Number of protein chains: 2
Amino acid sequence: MLKLSKKADYALMALQYMATVQYGEMNAFNIHRVVNTKEIAEEHLIPLELLAKVLQTLAKHEMIESQNGPKGGYVLAREPGAISIAQVLEAIEGPLGIADCYHEKDDHAACDQMEHCNIRTPLLKVQESIVQLLSSMSIEDMMAEPPLIIVESRKPEGVQL
Amino acid sequence: MLKLSKKADYALMALQYMATVQYGEMNAFNIHRVVNTKEIAEEHLIPLELLAKVLQTLAKHEMIESQNGPKGGYVLAREPGAISIAQVLEAIEGPLGIADCYHEKDDHAACDQMEHCNIRTPLLKVQESIVQLLSSMSIEDMMAEPPLIIVESRKPEGVQL
DNA sequence: TTAAGTACGATCATATAAGTCGGAGTTAGG
DNA sequence: CCTAACTCCGACTTATATGATCGTACTTAA
């Protein structure tokens, strides 16, 4: 339940790796070394072909920039702090929502039970919280593993329903 | 992404319905009327057989109590406020986690990349937040649709990583 | 010119989810 | 004590999403 797909995992791993290579302690001068798919795949034991597609998707969504030809590869398109987890997940898996009918836009979404659905509103709030949480975290927060990230999530006491 | 399964949806709908019938405004005297599967299925346009299995699962996890024979059906096993969303989801879909290897118990879980995984720790924190959020909400919070539930979820400023 | 890389679409395999079916066990009411 | 209305349970089928692979075309540094 609530599991991330492998693709999403791979995307996050790759971005974390690229961020560390480009912006980590090992690189005090911020030399934006281009890293290629093979390097990442071998480093993390990820199927090469699959990772390639993931990176292509990330490139299409302008989170990384591709560089063709030999010595080519990918570079982060912006600073790690400017790439949120939510953005990554949306790029890979489409709009994130707890259920299909929970995207503000598609109010007509594929849900026959719509009119008989008694849980939509409360779940929308849950979803909102999760999205907010994922939006508040960036690739930067995943650098320098093992990290210590403190995240709070709570329902305030005494809220009127 | 992060989508709930239909079964989970059905479970929540059913519980919300049962809660409303048993504890809602319509029932100031808390008469614990037994509701049967058919009634819930028709009310929410849910496939009868599937809902039946969902309810059986909930009963096995002691969130509802079954009553056999004609005029039989189900009753909430405890007050709506004592049934958290997290409990329901876990009952239906097993332990909730953002990835397979993120359950404290199975440290040996099926993840070949374990040793090369650079995102485990941060994602564990994310997961923790989500679980906490889902644990803080109960069926009671879903009653009286359309409700207004205010949930906050944030990463405090100035946290050191 | 060529080898090392990305780009992209088609395809296959597999896992999970969704839904169905048939039969067995209970029990209120006649 | 019989029957109809329920729950219970497991096996089965189907649909859909995911994971992974393949082939090929495009780009470019050396």
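When reading the values below, keep in mind they use all heavy atoms of this one structure, side chains included, and skip hydrogens, waters and symmetry mates. Each chain gets a letter, A, B and so on, in the order the sequences are listed, and its residues count up from 1. Note that the structure is predicted; figures quoted are calculated from it, not measured.
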Open item on the list: Heavy-atom nearest nucleotide on DNA chain D for B/Tyr74 versus A/Leu50: which residue maps closer to 5'?
Closed with: B/Tyr74
Task: Per B/Thr37 side chain, nearest of listed nucleotides D/dA11, D/dG19, D/dT7 - done: D/dT7
Task: Among A/Leu4, A/Leu12, A/Thr57, side chain to side chain contact (heavy atoms under 4.5 Å, CB included) partner for A/Ile92 - done: A/Thr57
Open item on the list: I need the NZ-C1' distance between A/Lys3 and C/dT16, as an integer number of Å.
Closed with: 9 Å
- [ ] Starting at atom NZ of A/Lys71, determine the distance to atom P of D/dT27, rounded to an integer number of angstrom.
- [x] 22 Å
- [ ] Please state how far atom NZ in B/Lys7 lies from atom C1' in C/dG19, giving the value in whole angstrom units.
- [x] 10 Å
Task: Candidate list B/Gln22, B/Met18, B/Glu43, test side chain to side chain contact (heavy atoms under 4.5 Å, CB included), partner B/Val35, passing option - done: B/Met18
Task: A/Pro47, nearest nucleotide to its side chain (from C/dA18, C/dG19, D/dT21) - done: D/dT21
- [ ] Rounded off to whole Å, could you give me the CG-to-P distance for the A/Asn36 and C/dG5 pair?
- [x] 5 Å
TODO: Would you check if there is a donor-acceptor pair between the side chains of B/Glu39 and B/Tyr17 at a distance under 3.5 Å?
DONE: yes
- [ ] To the nearest Å, give me how far apart CD1 (A/Ile46) and C1' (D/dA20) are.
- [x] 13 Å
Task: Separation of D/dT7 C1' from B/Glu65 CD (nearest whole Å) - done: 14 Å
Open item on the list: Of the listed nucleotides (D/dT7, C/dA18, D/dT18), which one gets closest to any side-chain atom of A/Glu93?
Closed with: D/dT18
TODO: Round to a whole Å and report the spacing from CG of B/Leu45 to C1' of C/dA18.
DONE: 16 Å
Open item on the list: With nearest nucleotide decided by heavy atoms, which residue, B/Lys38 or B/Glu49, maps closer to the 5′ end of DNA chain D?
Closed with: B/Lys38
Open item on the list: Heavy atoms from C-beta onward define the side chain here; which of D/dT18, C/dA7, D/dT7 lies closest to that of A/Ser66?
Closed with: C/dA7
Open item on the list: Starting the side chain at C-beta, find the nucleotide from D/dA5, D/dT7, C/dG9 nearest to B/Asn68.
Closed with: D/dT7
